[in-house]
Amino acid sequence: MTERSEIYEVMSSQDSNNSDYSIQAKLSQAKALQAKLNALAAEQKSRPKRSSSIEEKASAVRLQLCHLLSDLLLSDPITSLEQDAIGRTWKYCFYGHIKEIESRIAREKSKAKKRKAGGGGGGMTPSSDASDEILDDLEKRHKQFLNEAIALYKYLINKYTKMLSP
């Protein structure tokens, strides 16, 4: 018996009220949310200054997509595998946002380096204090977001382990 058929057998033996229709509906909804995230990212890039309202909308959509894909991963592993739900979870729920935060951290570090090289005064200015606070905040958000990603994947692994255990 292949690993795939074992997973299918375990899943089909569990009580599942997910019909083919609801799985397809979830996949369609996931695609719509992915498109919405792409549109929000494009809108954010088109603006000269970051928009916190767009970031909040994107965060809400990411969370909704993450819940939807996680539910799909746990309710129908076969379709999830065929539809690359785990890859889509990483790409849309985590990777893009992680890269965006890392990019902002790099820009802030570059600004700080330029200030130090060009400033010469050696003293702390209000703008360098604010920039340090921004950098600290970004680094905290980055760490927190990575921890959330790790927590989700640990949760999924634990659920799969319980499903596959005799």
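One is the number of the first residue; the rest follow in order along the sequence.
- Taking NZ from K91 and NZ from K99, the interatomic distance works out to 14.5 Å, rounded to the nearest 0.5 Å.
- The cluster map of Ile, Leu, Val, Met, Phe, Trp and Tyr, joined by side-chain heavy atoms under 4.5 Å apart, puts F145 and L156 in the same cluster.
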Could you please spell out the steps behind the side chain to side chain contact (heavy atoms under 4.5 Å, CB included) verdict for E133 and D136? CA-CA 5 Å; E133 286 179 26; D136 287 344; 5.6 Å; no
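- When each of L33, L72, L27, L65 is paired with R88, the side chain to side chain contact (heavy atoms under 4.5 Å, CB included) condition holds for L27 and for no other.
- Nearest heavy atom pair, residue E43 against residue S46, reads O-OG, 2.7 Å.
- Looking at L74 and M163, their side chains come closer than 4.5 Å, going by heavy atoms from C-beta outward.
- Salt-bridge check for K49 with E55: failed, with every basic side-chain N at 4.0 Å or more from each acidic carboxylate O.
- In this structure, S131 and E108 approach most closely via the heavy-atom pair OG-OE1, 3.0 Å.
- At a threshold of 4.5 Å between side-chain heavy atoms, the hydrophobic network of Ile, Leu, Val, Met, Phe, Trp and Tyr places I54 and L63 in two separate groups.
- L40 and L69 fall within a single hydrophobic cluster, where Ile, Leu, Val, Met, Phe, Trp and Tyr are joined by side-chain heavy atoms under 4.5 Å apart, directly or via other members.
- Put simply, the side chain of Y160 gets close to the backbone of L73: a donor and an acceptor are under 3.5 Å apart.
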I would like to know whether D84 and W90 meet side chain to side chain contact (heavy atoms under 4.5 Å, CB included); could you show each step before the answer? CA-CA 10 Å; D84 190 30; W90 172 247; over 6 Å; no
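- Going from atom CG of D137 over to atom CG of D132 covers 12.5 Å, rounded to the nearest 0.5 Å.
- With hydrogens and angles disregarded, a donor-acceptor distance shorter than 3.5 Å links the side chain of S28 to the backbone of Q24.
- Across L68 and K26, no two heavy atoms sit closer than the pair CD2-O, 3.4 Å.
- The backbone N or O of D76 sits nowhere less than 3.5 Å from a side-chain atom of T79 that would complete a donor-acceptor pair.
- Distance check: N147 CG to K154 NZ gives 8.5 Å after rounding to the nearest 0.5 Å.
- Within the model, atoms OG of S51 and CD of E56 stand 8.5 Å from one another, a figure rounded to the nearest 0.5 Å.
- Salt bridge present: K109 and E139 bring a charged side-chain N and a carboxylate O closer than 4.0 Å.
- Remark: E100 engages R104 in a salt bridge, criterion side-chain N to carboxylate O under 4.0 Å.
- Distance check: L37 CG to K57 NZ gives 13.0 Å after rounding to the nearest 0.5 Å.
- One hydrophobic cluster, built from ILVMFWY side chains closer than 4.5 Å, holds both Y95 and I98.
- Atom CD of residue Q144 and atom CD1 of residue I101 lie 9.0 Å apart, to the nearest 0.5 angstrom.
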Step by step, work out the side chain to side chain contact (heavy atoms under 4.5 Å, CB included) result for F94 and L152. CA-CA 11 Å; F94 300 108; L152 174 69; 3.7 Å; yes
Should I23 and S75 be marked as a side chain to side chain contact (heavy atoms under 4.5 Å, CB included) after you check the CA-CA gap, both sets of side-chain angles, and the distance that decides it? CA-CA 9 Å; I23 297 299; S75 64; 4.0 Å; yes
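- I150 and I86 sit in two unconnected hydrophobic clusters of ILVMFWY residues. Membership requires side-chain heavy atoms under 4.5 Å apart, directly or through other members.
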